[in-house]
Engineer: 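To start, I am sharing the structure in question, which I have written as structure tokens.
These figures come from a predicted structure and were not determined experimentally. Hydrogens, waters and symmetry mates are skipped; everything else that's a heavy atom, side chains included, is used.
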Number of protein chains: 2
Amino acid sequence: MMNIGEAAKASGVSAKMIRYYESIGLISEADRTHSNYRVYGTNDVHTLRFIKRARNLGFSMEETSALLALWHDRTRASADVKQIATEHVQALETRISELQEMADTLRHLVHCCSGDNRPDCPILSNLAGQDRAVGQA
Amino acid sequence: MMNIGEAAKASGVSAKMIRYYESIGLISEADRTHSNYRVYGTNDVHTLRFIKRARNLGFSMEETSALLALWHDRTRASADVKQIATEHVQALETRISELQEMADTLRHLVHCCSGDNRPDCPILSNLAGQDRAVGQA
DNA sequence: CTTGACCTTCCCATGATGGGAACCTCTACA
DNA sequence: TGTAGAGGTTCCCATCATGGGAAGGTCAAG
């Protein structure tokens, strides 16, 4: 049995976030001591670590919530978990492509910019739209 | 001379955002008609398009603001523009790596998950931390 | 019995954007 | 000339996940 600060250290989730997770119903309300302090056990810490790992893999709170529910459901079908994960992989790939496209365009513009003390700059020209041919396939 | 709705259409920036950009000082305060309607000219539309392009390349409002200032400064050194762009490319690359790492880990887990109606699931096992060897180099 | 660390709740801020209410203005048409 | 509807104005709220901080209660050690 530990208080919120210890649970935070043990799980890697800040005390602030533990309270927030409780407030939005992601985790159940913690028991309290006579003096109103929240009390956590090892199971709670495991749950918090689960959440932390899911967040580190980029799952949204909503997805994390769904994963948590499946984790606690002994009769789950792994297909349900797999679907959430697969969709998230696709979302990640979409986002990566978008960022990659931005980076590619910018790298090209940066490459074309002399980067000296003169004002002429293909980066600004591109942003100004006076240079649409540069770096846009 | 056009009103905010026309400027929005011409620039691709929503009226809502145009007002917001004005409120945070990214663009100067628009002139008003006698009836308090904002009025925009072609220069304003060019500026809005510039902002739109910068945002599409993933620049933050702060970076966009700096780029706008450089654009308007005829005595700028292209090196200053290049630096902002280079730093942004690096930030994009960092973010891409992070997402890529998440996607790689998840793809592996998804690959290992049978995805049937049985409860056993390496994805959940990994999140629960009972499976640290899987998918984590 | 005090001090300092930690807990509690509550409010505010982020960044960029959209939604919507309440109200005003303009244009077109009968 | 009256009215309808489109579109303008300001202001507040919500998002998503997180942190900061104030005001006040609690606990443990000295």
Engineer: About how many Å separate CD of A/Glu6 and CE of A/Met1, when rounded to the nearest 0.5 Å?
Structural biologist: 12.0 Å
Engineer: Can you tell if the side chain of A/Asp104 reaches within under 4.5 Å of the side chain of A/Gln100, non-hydrogen atoms only?
Structural biologist: yes
Engineer: Spell out, as yes or no, whether a donor-acceptor pair under 3.5 Å connects the side chain of A/Asn126 to the backbone of A/Ile123.
Structural biologist: no
Engineer: Hey, are the side chains of B/Glu63 and B/Ser60 touching, using non-hydrogen atoms and a 4.5 Å cut-off?
Structural biologist: yes
Engineer: Mind checking the CE-OG spacing from B/Met17 to B/Ser14? Nearest 0.5 Å is all I need.
Structural biologist: 6.0 Å
Engineer: Report the distance from atom NZ of A/Lys52 to atom P of D/dA17, rounded to the nearest whole Å.
Structural biologist: 14 Å
Engineer: Sort me out a list of protein N/O and nucleotides 10-17 of chain C N/O pairs below 3.5 Å, or just none if empty.
Structural biologist:
from   : atom 1 : to      : atom 2 : distance (Å)
C/dA16 : OP1    : B/Met61 : N      : 2.9
C/dA16 : O3'    : B/Arg55 : NH2    : 3.0
C/dT17 : OP2    : B/Tyr21 : OH     : 2.8

Engineer: Report the distance from atom CG of B/Asn3 to atom OH of B/Tyr40, rounding to the nearest 0.5 Å.
Structural biologist: 9.5 Å
Engineer: If you measure from OG on B/Ser125 to CG on B/Leu109, what distance do you get to the nearest 0.5 Å?
Structural biologist: 9.5 Å
Engineer: For the residue pair A/Arg76 and B/Leu124, establish whether any side-chain heavy-atom pair is separated by less than 4.5 Å.
Structural biologist: yes
Engineer: Distance check needed: D/dA17 C1' versus A/Arg19 CZ, whole Å only.
Structural biologist: 16 Å
Engineer: Could you state the atom-to-atom distance from CG of B/Asn3 to C1' of C/dC24 in whole Å?
Structural biologist: 14 Å
Engineer: Does any residue of residues 29-45 of chain B have a heavy atom under 4.0 Å from DNA chain C, and if so, which ones, in number order?
Structural biologist: B/His34, B/Ser35, B/Tyr37
Engineer: Measure CD1/A/Ile4 against P/D/dC27 and give the value in whole Å, please.
Structural biologist: 16 Å
Engineer: Can I get a per-line list of side-chain donor-acceptor pairs under 3.5 Å for residues 18-30 of chain A, giving both atom names and the distance, sequence neighbours left out?
Structural biologist:
from    : atom 1 : to      : atom 2 : distance (Å)
A/Glu22 : OE1    : A/Ala30 : N      : 3.2
A/Glu22 : OE1    : A/Arg38 : NE     : 3.1
A/Ser23 : OG     : A/Tyr20 : O      : 2.7

Engineer: Below 4.0 angstrom, which residues in residues 85-103 of chain B have at least one non-hydrogen atom near DNA chain D?
Structural biologist: none
Engineer: Any luck finding a side-chain donor-acceptor pair between A/Ser78 and B/Asp116 under 3.5 Å?
Structural biologist: yes
Engineer: Kindly calculate the angle separating the two end axes of the helix from C/dC1-D/dG30 to C/dA30-D/dT1, each obtained from five base pairs, and round it to 10 degrees.
Structural biologist: 30°
Engineer: Keeping to residues at least two apart or across chains, list the salt bridge (charged side-chain N to carboxylate O under 4.0 Å, His left out) pairs with something in residues 79-94 of chain B.
Structural biologist: A/Arg107-B/Glu93
Engineer: How many angstroms lie between atom OG1 of B/Thr64 and atom NE2 of B/His88, to the nearest 0.5 angstrom?
Structural biologist: 8.5 Å
Engineer: Just so I know, are the side chains of A/Cys112 and A/His108 near enough to count as touching, which here means a heavy-atom distance under 4.5 Å?
Structural biologist: yes
